[in-house]
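Counting convention: from 1, in listed order, for ligands and their atoms alike.
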Amino acid sequence: MDLNQNYLTQLHQKLDTNIENLRPYAEDNQVPIVDKLTLDMIKQLIRMNHTKNILEIGTAIGYSSMQFSSVANDIHVTTIERNEDMIALARNYFHQYGYNEQIRLIEGNALETYQQVNDREYDMIFIDAAKAQSKKFFELYTPLLRKGGIVVTDNVLYHGFVSNIDIVRSRNVRQMVKKVQQYNQWLMEQSGYTTNFLNIDDGLAISIKGE
Ligand code: SAH
Ligand code: MG
C-alpha cells in the first residue's frame with residue numbers, strides 16, 4: 001500500500017465503530033468490502049448532502065450498509081444481494097448489530113428487482129456489485145435518484161488493472177476490465193451528471209445528478 005494511504009488509514013482508526021470488527025472476517029474470506037478511506041469519503045458525502053435514503057447494489061455481508069446507517073439514526077438503506085450465503089450472513093449481522101430497522105435487504109439479481117425498490121426516491125445510490133454491469137445498474141436505478149443526489153461507484157480502478165490492462169492475463173478479467181474502462185468513459189460523458197474520480201483505494205467515482 002502507498003505510504004500516504006497507509007498513514008491516513010492508521011490515522012483514521014480512531015473513527016472505527018464496532019462494525020469494523022467484520023473487516024478481518026471479510027478479508028479472511030475474500031469478501032470485497034469497501035476500503036476504509038473510501039468508506040470515510042462516502043460517509044462524509046452522506047453528511048454533506050443530507051442523505052436519508054440510500055440504495056445499495058451489492059450487500060455482501062452487510063458491512064457497508066451498516067456503516068452508512070451508522071452515520072445517523074434516520075438514515076435508511078435499501079440493499080440488494082443475490083448470493084444466498086451472503087444474504088444469510090447479512091441478515092444475521094443486521095440483527096446482531098441492531099440495524100434491522102434501518103436496513104431493508106432485497107434478495108435477487110439487481111437487474112430484476114426494480115419493482116421492489118421503486119417505492120421511494122433516493123438521495124444516494126451506491127453501485128458495488130458485478131463490475132461489468134455497473135452501467136446497467138446505473139441506467140436502471142438512477143431514475144429513482146433525486147436531483148442533486150449522488151451516485152457513488154466503487155472499484156473504478158479495479159486492482160490497478162483499469163489503467164494498465166496489459167498486465168492482465170486472464171481473458172475473463174480482461175473483458176471485465178474493458179467494461180470498467182467503458183463505464184468510466186461513459187460516466188464522464190453523461191450530460192445529466194457531473195462526475196469526478198478519486199484515486200484512493202480501488203478507485204471511486206462520485207456523480208452528482210444535475211438540478
Ligand atoms: N457493498 C459491500 C460489498 C459488496 S461485494 C461492502 O462494501 O460491504 C459485491 C456483492 O455484489 C457480492 O456479494 C455479490 O454477490 C453481489 N452481486 C454481484 N452482482 C449482483 C447482482 N447482479 N445482483 C445482486 N447482487 C449482486
Ligand atoms: Mg467495492
Verdict with reasoning, Ser64 to Glu56, per side-chain hydrogen bond (donor to acceptor under 3.5 Å, both in side chains)
CA-CA 9 Å; Ser64 52; Glu56 173 179 75; 2.4 Å; yes

Considering only protein heavy atoms, which is closest to atom 7 (O) of ligand 1, and at what distance to one decimal place?
Val34 N, 2.8 Å

Examine ligand 1 and decide if any of its atoms is less than 4.0 Å from a heavy atom belonging to Gly108.
yes

Would Ala130 count as being in polar contact with ligand 1, using the rule that some N or O on each side must be under 3.5 angstrom apart?
yes

Within-shell test, Asn109 vs ligand 1, heavy atom, strictly < 4.0 Å:
yes

Would you mind checking which non-hydrogen protein atom is closest to atom 11 (O) of ligand 1, with the distance to 0.1 Å?
Gly58 CA, 3.4 Å

Answer with yes or no whether Thr59 contacts ligand 1, where contact means a heavy atom under 4.0 Å from a ligand atom.
yes

Is Gln67 close enough to touch ligand 1? Criterion: a residue heavy atom under 4.0 Å from a ligand atom.
no

Given OD2 of Asp154 on one side and OD1 of Asp128 on the other, what angle do they make at the Mg ion (ligand 2), to 10°?
110°

Between Met86 and ligand 1, is there a nitrogen or oxygen pair with a distance under 3.5 Å?
no

Checking side-chain hydrogen bond (donor to acceptor under 3.5 Å, both in side chains) for the pair Tyr183/Thr153: CA distance, chi angles, key distance, verdict?
CA-CA 10 Å; Tyr183 174 72; Thr153 312; 2.8 Å; yes

Nearest protein heavy atom with distance in Å, relative to atom 9 (C) of ligand 1:
Asp128 O, 3.2 Å

Closest non-hydrogen protein atom to atom 2 (C) of ligand 1, residue and atom name please, with distance?
Ser64 OG, 3.3 Å

Atom 23 (N) of ligand 1 [closest protein heavy-atom partner, distance rounded to 0.1 Å]
Ala110 N, 2.8 Å

Considering distance alone, does some N or O of Ala129 sit under 3.5 Å from an N or O of ligand 1?
no

What protein heavy atom is closest to atom 14 (C) of ligand 1, reported as residue, atom name and distance in Å?
Glu81 OE2, 3.4 Å

Checking a contact table here: which protein heavy atom is nearest atom 20 (C) of ligand 1, and how many Å away?
Arg82 NE, 3.4 Å

Taking everything shown except Glu189 itself, do over 12 heavy atoms lie less than 6.0 Å from its CD?
yes

